[in-house]
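A quick write-up on the structure given underneath.
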2 protein chains.
Amino acid sequence: MFAACLVKRLSLYRRVLGALASPEGWAGGLGSSDGEYVFSHDLASLAGVSAAQVRRDVMTIGYTGSPRRGYDVAGLIGRIGEFLDAPGGQSAVLVGLGHLGKAVLAYVGGRRTGLRIVAGFDVDPAKCGRVIHGCRCHGMEALAEVIAEHGANVGLVAVPGAEAQNVSIQLVRAGVRGLLNFAPVRLQVPEYVFVEDVDITVSLESVAFFARHDAVRRQAMIKEAVR
Amino acid sequence: MFAACLVKRLSLYRRVLGALASPEGWAGGLGSSDGEYVFSHDLASLAGVSAAQVRRDVMTIGYTGSPRRGYDVAGLIGRIGEFLDAPGGQSAVLVGLGHLGKAVLAYVGGRRTGLRIVAGFDVDPAKCGRVIHGCRCHGMEALAEVIAEHGANVGLVAVPGAEAQNVSIQLVRAGVRGLLNFAPVRLQVPEYVFVEDVDITVSLESVAFFARHDAVRRQAMIKEAVR
DNA sequence: GACGAGTTGTGAATGATATCACAGTGTGAA
DNA sequence: TTCACACTGTGATATCATTCACAACTCGTC
Ligand SMILES: NC(=O)c1ccc[n+]([C@@H]2O[C@H](COP(=O)([O-])OP(=O)(O)OC[C@H]3O[C@@H](n4cnc5c(N)ncnc54)[C@H](O)[C@@H]3O)[C@@H](O)[C@H]2O)c1
Ligand SMILES: NC(=O)c1ccc[n+]([C@@H]2O[C@H](COP(=O)([O-])OP(=O)(O)OC[C@H]3O[C@@H](n4cnc5c(N)ncnc54)[C@H](O)[C@@H]3O)[C@@H](O)[C@H]2O)c1
């Protein structure tokens with residue numbers, strides 16, 4: 001099926017293209033790109049990938065540009081949307097309204113996309129019944145009902161590690177088919193559930209490692225030497 | 001050089017092994033693993049990878065287990081530490097003490113690892129001079145000085161997208177060689193700087209996509225049919 | 001209208017990553 | 001002490017992802 005990395009790049013392209021097309025224009029000082037059209041290498045440099053990668057991805061989703069002019073920005077955004085988004089929009093719920101949960105709500109709440117966070121849940125009674133960053137919050141007992149009501153099929157897990165497995169099972173039982181997991185635990189779920197882990201500890205240790213042994217510097221040196 | 005994904009898996013193994021070795025034991029009900037030794041397939045299932053992958057990774061870092069008994073948990077943790085961690089510890093700084101920045105401080109602050117967040121920075125005067133989640137916060141004018149003082153070479157970027165590029169350049173000038181970037185922008189930095197993006201929007205859209213077209217379910221069906 | 005510069009689209013080649021499969025081996029049981 | 005088993009270590013292989021390289025094309029220019 002479609003590779004996960006392709007989907008992520010498309011999501012990224014779309015965001016970059018949106019910035020390009022926005023009234024503000026783009027401060028990055030891209031050589032070309034008047035905002036109407038964009039070349040594969042410009043999009044590539046904004047997205048941090050190679051031009052060939054961009055062209056292949058565009059090809060994969062069946063969009064086509066024009067030689068000498070590039071890709072139509074609005075058209076490509078549209079095509080990516082057709083590919084990525086659910087036709088009638090999609091709903092997600094967030095469990096765990098602690099530090100991280102609230103930060104995510106603050107961030108995602110303010111965006112207009114095909115995907116909305118329609119409800120939050122927490123065991124802490126102090127958080128239930130309130131509206132946080134524009135999102136209504138409920139106690140865990142309402143989980144199944146609220147998910148069914150909205151037809152939500154995506155769940156964000158921002159509870160402590162010890163609770164994450166338990167919470168994710170509840171989400172799956174209630175009909176969720178995709179989990180974005182922030183807890184530092186690998187979730188055991190049925191194989192038809194897609195799980196994406198955002199593991200900040202792992203990312204941080206990885207950065208620390210490469211900040212010392214920087215592979216990239218060495219690679220760059222090699223390339224430089226060959227040239 | 002060493003692949004980024006190897007490093008991430010090692011970080012994950014270490015955390016899983018730590019849970020295994022902890023006095024609490026492991027609630028996961030693993031078949032074997034009394035906490036002293038662990039089999040490749042047990043570690044694999046806890047980490048969500050294949051047993052062969054675990055064995056290969058262990059081999060790569062030059063550790064060796066014993067047939068019929070598995071890997072010595074403490075010994076493997078130690079070896080991973082030698083491989084991943086800086087001998088004398090490593091310091092990081094965080095820029096942007098908004099929702100996300102504070103959440104990260106709250107989380108990472110409470111952990112004892114070879115990597116510490118030694119300072120925070122923000123333009124908002126209300127946040128400077130205070131201690132947030134155990135971390136002293138400064139104005140941006142102190143950036144270079146504080147980084148030099150601690151010898152920090154890792155930077156976490158949690159400022160708004162429009163500021164991220166600017167901030168990351170300041171960090172690199174001050175000596176940072178690895179960036180963990182939470183802003184939805186691809187940073188343009190010298191090639192000797194390692195950048196890891198934590199892009200929640202992209203992850204979320206990816207989950208939403210696969211929650212619908214679930215590749216995994218289909219793969220599972222194919223495997224089932226072949227069997 | 002013809003040309004040339006500069007792009008796209010894409011098959012083929014390469015490179016990276018994960019899995020297979022099995023020989024080799026230490027361990028506990030008898 | 002011997003044996004059989006269940007596990008590790010690893011070369012070979014398969015799969016996945018990216019890049020190369022170039023033909024085909026488009027458009028502005030002369
Ligand atoms: N804060 C970060 O930057 C960060 C970074 C990496 C990982 N994480 C992980 O994200 C998760 C949340 O982190 P946090 O900093 O927001 O923690 P937190 O303690 O601030 O918040 C956890 C929230 O979950 C709620 N909760 C606890 N058990 C629950 C349950 N069974 N059902 C529903 N809600 C429940 C709590 O009431 C609390 O509001 C943790 O697993 C943490 O390891 C956080
Ligand atoms: N909150 C989330 O869950 C989330 C998710 C994904 C991405 N992000 C990204 O993370 C970044 C931070 O998000 P947030 O929710 O914490 O935003 P926020 O607005 O709450 O915090 C931003 C902080 O950065 C500070 N700041 C602004 N300009 C600065 C500068 N030039 N130098 C130093 N500090 C500066 C502000 O004073 C503020 O404290 C943003 O880029 C956002 O897009 C956040």
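Since the model is a prediction, treat every value here as computed from it, not as a measurement. Below, read A as the first sequence line, B as the second, and so on, with proteins coming before strands; counting in each chain starts at 1.
Note: CZ (B:F39) to P (D:dG9) measures 13 Å, nearest angstrom. Counting to the nearest Å, the P atom of C:dT7 and the OH atom of A:Y63 are 18 Å from each other. Atom pair B:M59:CE and C:dG24:P shows a separation of 17 Å (rounding to whole Å applied). Residue A:L6 contributes atom CG, which lies 9 Å from atom P of D:dA17 at whole-angstrom precision. For the pair A:L43 CG and C:dT7 C1', the interatomic distance rounds to 14 Å; values are reported in whole Å.
Here the side chain of B:Q53 is nearest to one of C:dT10, C:dT19, D:dT18, namely C:dT19. For A:H41, the side-chain atoms get nearest to C:dT7 when compared with the rest of D:dC27, C:dT17, C:dT7. Of the candidate nucleotides D:dA17, C:dT8, C:dG26, C:dG26 has the atom nearest to the side chain of B:P67. Ranking C:dA18, D:dC5, C:dT8 by closeness to the B:R68 side chain, first place goes to D:dC5. Of the listed nucleotides (D:dT8, D:dA17, C:dG28), D:dA17 has the atom at the smallest distance from the side chain of A:C5. Relative to the side chain of B:S50, the nucleotides D:dT18, C:dT19, D:dC25 differ in distance, and C:dT19 lies closest.
A:Y37 has no side-chain polar atom (N or O) that falls below the 4.0 Å cut-off from OP1 or OP2 of C:dT8. One finds a side-chain N or O of B:S40 lying less than 4.0 angstrom from the OP1 or OP2 phosphate oxygen of D:dT8. Listed pair A:R9 / D:dT18 meets the phosphate criterion, a side-chain N or O lying under 4.0 Å from OP1 or OP2. Contact annotation: B:T64 reaches the phosphate of D:dG9 (side-chain N/O to OP1 or OP2, under 4.0 Å).
Among the atoms of the strands shown, base atoms are found under 4.0 Å from some heavy atom of B:R56. Among the protein residues, B:R55 comes within range of the nucleic acid bases, having at least one heavy atom under 4.0 Å from a base atom.
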Using residues 84-91 of chain B as the side-chain source, report each donor-acceptor pair under 3.5 Å to any protein atom, sequence neighbours left out, with the distance given to one decimal.
{"unit_1": "B:D85", "atom_1": "OD1", "unit_2": "B:R14", "atom_2": "NH1", "d": "3.4"}
{"unit_1": "B:D85", "atom_1": "OD1", "unit_2": "B:R14", "atom_2": "NH2", "d": "3.1"}
{"unit_1": "B:D85", "atom_1": "OD2", "unit_2": "B:R14", "atom_2": "NH1", "d": "2.7"}
{"unit_1": "B:Q90", "atom_1": "OE1", "unit_2": "A:R212", "atom_2": "NE", "d": "3.1"}
{"unit_1": "B:Q90", "atom_1": "NE2", "unit_2": "A:A208", "atom_2": "O", "d": "3.0"}
{"unit_1": "B:Q90", "atom_1": "NE2", "unit_2": "B:N153", "atom_2": "OD1", "d": "3.1"}

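Each of B:A52 and A:D57 has a nearest nucleotide on DNA chain D; the 5'-most of these lies closest to B:A52. The 5' end of DNA chain D is approached more closely, in terms of each residue's nearest nucleotide, by B:Y71 than by the other of A:A4 and B:Y71.
Remark: the backbone N or O of B:D199 is paired with a side-chain donor or acceptor of B:S203 at under 3.5 angstrom.
Annotation: cation-pi pair B:R69/B:Y37 present, NZ/CZ under 6.0 Å from the ring centroid and within 45° of its normal.
Aromatic rings of A:F83 and A:F2 (six-membered ring for Trp) have centroids within the 6.0 Å cut-off, being under it.
Looking at A:Y71 and A:T64, their side chains never bring a donor and an acceptor atom within 3.5 Å of each other.
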